[in-house]
Amino acid sequence: MSSASLHTRSLDRKTLMKHRQNMQLQPADREWVRADLHRGSIHVHDRLTPSYPRPVLCTMDTTAGEVALHHGGNSCNSSLTLYVQLHGEAVRRLSPDERPLQIQNDFLFKLGFKDPWRVQEEGLNTEIGSLLRFYAGKPQNIESSERVQLSGMYNVRKGKLQLPVNRWTRRQVILCGTCLIVSSVKESQTGKMHILPLIGGKVEEVKKHNHCLAFSSAGPQSQTYYVSFDSFTEHLRWHRHAAKMVSQRINSVDLSCCSLEQLPLNLFYSHDLTHLNLKHNFLPADHLDTVWFSRLRSLNLSNNHLGQFPLAICDIPTLMEVNLSCNYLASVPGSVGAMTNLQTFLLDGNSLDELPNELGSLQRLSYLGLSFNQFNHVPQVLERLASMEKLCMAGNNLETLTLQNFRLLHVKHIDLRYDNEPDLLRHVTQLDVRDNRLMDLDASVFPRLEVLHCERNRIAILKARGCLLKGIYASNNELRQLDVSPVPSNLSCMDISRNHLESLPDWLCEAKKLEVLDVSHNLITELPARLLCSNSLRKLSAGHNQLQKLPERVERPLLEVLDIQHNQLVELPCNLFLKSDSLRCVNASANKLEHLPPSSLSDESHSILQELYLTNNQLTDKCVPMLTGHSHLRILHMAFNHLQTFPASKMAKLEELEEVDLSGNMLKTVPTTIMNCRRMHTLIAHSNAIEVFPEVMQLMEMKCVDLSCNELNEITLPENLPPKLQELDLTGNPRLNLDHKTLDNIRCFRIDPPPTFSSNEASGGPAVWSHGYTEASGVKNKLCVAALSVNSFCGSREALYGVFDGDRNVEVPYLLQCTMNDVLAEELHKTKSEEDYMTNTFLVMQRKLGTAGQKLGGAAALCHIRHDPTDPGGCFTLTAANVGKCQAILCRDGKPLSLSLLHNVGLEEEYRRIRQHRAIITEDNKVNGVTDSTRIMGYSFLYPSVIPCPYVQTVTLTPQDEFFILGSRGLWDTVSPTEAVEAVRNVPDGLAAAKKLCTLAQGYGCTDSLSAVVVQLSVSEDCCSCCCSEPPQPPPSPGLGPYPSSSSGIKERPSDSSLPVPPSSCSEISSEISTSEMSSEVGSTASSDEPPQSSLLPSTRSCCALHPACLAGSFQRQLSSATFSSALSDNGLDSEDEEPIAGVFSNGSRVEVEADVHCLKAESSSSLPQTSLPLSNSQERTLLTLPPPPPPPCTPEPLEEGADMNLGEAENGLDREESWQGVGAAGGDGGKLAGKRRVNGSVARQEKSHNLIEVAADAPSKKSGGYFTAPAQPDPDDQFIIPPELEEEVKEIMKQHQQKQQKPPGTDQPTDYYDTPL
């Protein structure tokens, strides 16, 4: 691009920034607001151009009418009305007397903010628009307005095109409801309208005319209209919507979530309409003219804020289904008795406490929904409803139920979830009393009971009659006794997991139709003797019990899935595989198995076993031959056993293997015959002693290879790598030597960074913490988790770690990982209270998620280590916060100490809160059917029931604190805190510990994405002393270098006169997003990354922790302000990662590998390239007066106001997509000097004249669309702007630095002067 065009672009951006600045509050305005808590500012968006809101100063008493009048006066439109929009959904008109600032403050208080001053400050931020937004006039939503109707003036012709009589005339054409409407008067909207029903008709393109469609009705009297559109875009839009209409089999219209305040007039032309969906609008109850639809059968008016019952619907006798849920209804009128054909009547989520007697005349009513209302008794009118089959009264105030009320009621399905201790009911076939406080339940009084749901109670004794019983669901109780008589011959499914049962009833063997039996998480010591002889049982889950042996009698059962993990089994029945012909999946992990039963007694085997999980047992090499009979085996997990070899001859017989996990054994090789497994896609064998890299890269189906924490020396990869390869993890291999040319085509690669040292080590302080983390994708190969690790957060005496889980979405974890550390750094400077700054971090992050957080969500857990702010010289404190199912566990004296809380409807406080906000809890215990967590990031459309306000806990770290674990939902669903602590307590390597946790979870059956962070603590009594002589040496372990850490340079951001702005934090994030340009619409971040620069500056302090005798001068590399590892990272560089797990992840990012150039020898110093490196923390504080380096060749414009002046990792402006060069040579014994087994070697050949580090780089695979798009490399167009008031100062600094660089650096210093842990 020419320099002229660049200058023009810069001018345009400067003009744009000036326009933005004009739309922002001036300092005087902010001072006026902060003078009084009753003052504030709302941001009013224009209905046509909503991108740039205008701040409006107001008080708590300012009305919407006054704001509209003021705004209308400025825009020459005095008829403007103020609208409010929450989380990007429906737009509601504000009445003139409503107070916008009060609405905004109430919103922020409900979100979780507590301090009124902070609420006022949040209201001044324009990013709040993604959560709450005010409009001057009703905004135009193209998608919803098109669903309401399409209209325009077009050329229209009726009849056949061949007839010359019919001519083209310009008419008004409307597509609304189920009809095409054409005006009869030329170029007018008045007069008679021609109606063309389209349901079952046709819409076709007319090839002879440009942009022309032919609309035809159905039936023998069909008519055709030809409409010629003015543009191809309009032609496509009309064709798309009309095609949906004609494809429908019923006359239905969906106008949900369209912000309707009244029904469209043209909708009334659709007289044959039978199904109308109007949910999530703002329709008034007294203006619903639905009587026009004389054939309407189904009407959905839920979530319309009606306030009163719409009487108009009672005049439609054809209605069969009516949904009036969540409308703040206090009563139901007697006129409902006129809807005699009504079969389904849903009134859930209202404020009803009584029903009218006239409801008894609805003799066809079969389903009545009264859940989450205010009933304290069962209405007597229900006795007259002869057709009633299903009654839902969950979430009411029923304390006692009178059986006489149900004497004449033929209800088949009753739902009484979330009621208070109901008595028993008669004459039912399905009873649902989940989530109550029942202590005992005698269901034997129900002679016709077929299905019983009583989960999540406190039932100790359960009785039921078995005559017609088909299903018992009684998990999460305190069951000690289960009495069912007579034998339930029709029982097909029974779930009594998570109880206190010590034995199972003998009648289970006689239940001839029992197919699924779940007795896991009990205290069972023995299974019924004939249970494995059942001819009907297909799935048996008996894990997490105290079984010491299984029944020996196995007689050709139909069992397909057997889950017996977490017991005390020493052996399996000798004929388990011989007699179980149908067995497909066996999970016997976490037992004490020493050998396996044979699969056949001859060379031929009839085994169809496909999945075998044997993780965490005591199996030896003797069990391997027993596997060969399972020739159809696809998945084999034998991690953390005592295997020393896996004979190649045995592996050769398992040709159908697809996934193998042999981690945590003592293997030295992977059998070469694994090449026979042509379907193999996953090989995991970390934490072994493997020296030779297997030739699995020749398998074309290979997706994942994990050989981390081994003893690999050298690997040679084929030129053509598997096309589906997503992950190659070689971290934690101390002697690995790679040929860099083989890495050119690897899309995702993980390898150790060289040994580095934490800033507190470098300054002579104690190494208080070190960490390791890992991430694993789920069965769908989507990595929906992310980890955050910042070893030096805002200085050397703080650290920050986090885990984020998006369940099934990738965007939210990535945004949390990119941004949360910077938000926390800002909050630390705004408040000193642990609970407040952590809480505010989560709340601010909610708005920074932007539009991504409106419909998507994710769990998060953060742990922040710092000194006690009230006692800077005191002990370290650990502050943990979480929302969702991500949790943190601290190991103290070998025992788990929970630092997190799971917020769900099971907590009384949370249940009351969401009930207050009229939320519906579905049968799977989810809020409005979306999430079972009542506090979680994102999902802002569920506000105020679901909020991001976290649980915060602060503990003082003591010498008894060994480590803490952060894990995602999948980890804690399968591994208990006690087991997690015991599993990794004796693992000295943080990376190996994290990998072990994820491997255990996968071996126990987890198929979700997993992430684990293990932070090892070394807190001594004098840990707070800043003058320790030498750091303690960590214990040796494979795959762990001397405690690495990242050093962060502290840069103060330009701040306005409002609040102090913190320094930019340093996380393990290598993001290329120019976040200062990212608006709240796409998830903004708190800091920005500009094209990195570097400098070579001497220091007067020694930072060499390996060689204390190094001379005073040394320099270290500084991380960029954001470097991390993520599934979506555009650049996978983790240059100073705390643990070896750095590099690029499974999104296809490039590989950037660094070499240890610690303590160069003298002969290499003269050939150092004249590149430069940024400073470490301590050095930068020493040399703050030195000028910054000059800009790189793609000269960026000066920084925008509010952006960070940040030094990064690129050298002299080389593009991030190009290979970069740095100072480097492999230090052969750097790691050993610290008592470590690992020495991280160079992955590039050493050049003759320089020690260069080459990068094998693929262009990161970009996903089109999404909520944001990060630039792949520094774009010359994407340049920064210096605020005018800083321009002269920056010019002077740059001039001084250019003069300094003209002087050649001295070469007379000893080589030990250069301490360069890259």
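We count residues from 1, following the sequence as given.
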Pair S351, R918: side-chain N/O donor-acceptor within cut-off below 3.5 Å: yes
R913 atom CZ, over 12 foreign heavy atoms within 6.0 Å: yes
Within 6.0 Å of CD in Q374, more than 12 heavy atoms from elsewhere: yes
Main-chain N/O of G395 paired to R915 side chain as donor or acceptor, under 3.5 Å: yes
Flag, side chain of D106 to backbone of Q104, donor-acceptor distance under 3.5 Å: no
Residues which pass side-chain hydrogen bond (donor to acceptor under 3.5 Å, both in side chains) with S475, listed by chain and number, not counting sequence neighbours: none
E89/K855 ion pair, N-O < 4.0 Å: yes
R118/E121 salt bridge by N-O under 4.0 Å criterion: no
Aromatic ring pairing H45/Y135, orientation class (parallel under 30°, perpendicular over 60°, tilted between): tilted
Salt bridge flag under 4.0 Å for residues E908 and R437: yes
Cationic N near anionic O, under 4.0 Å, D807 to R969: yes
Over 12 foreign heavy atoms within 6.0 Å of NE2, H275: yes
Salt-bridge contact K885-D932 (side-chain N to carboxylate O under 4.0 Å): yes
Taking every non-hydrogen atom, the tightest pair across C258 and R147: SG-NH2, 3.3 Å
Qualifying residues under ring pair (Phe, Tyr, Trp, His ring centres under 6.0 Å), relative to Y943, sequence neighbours excluded: F107
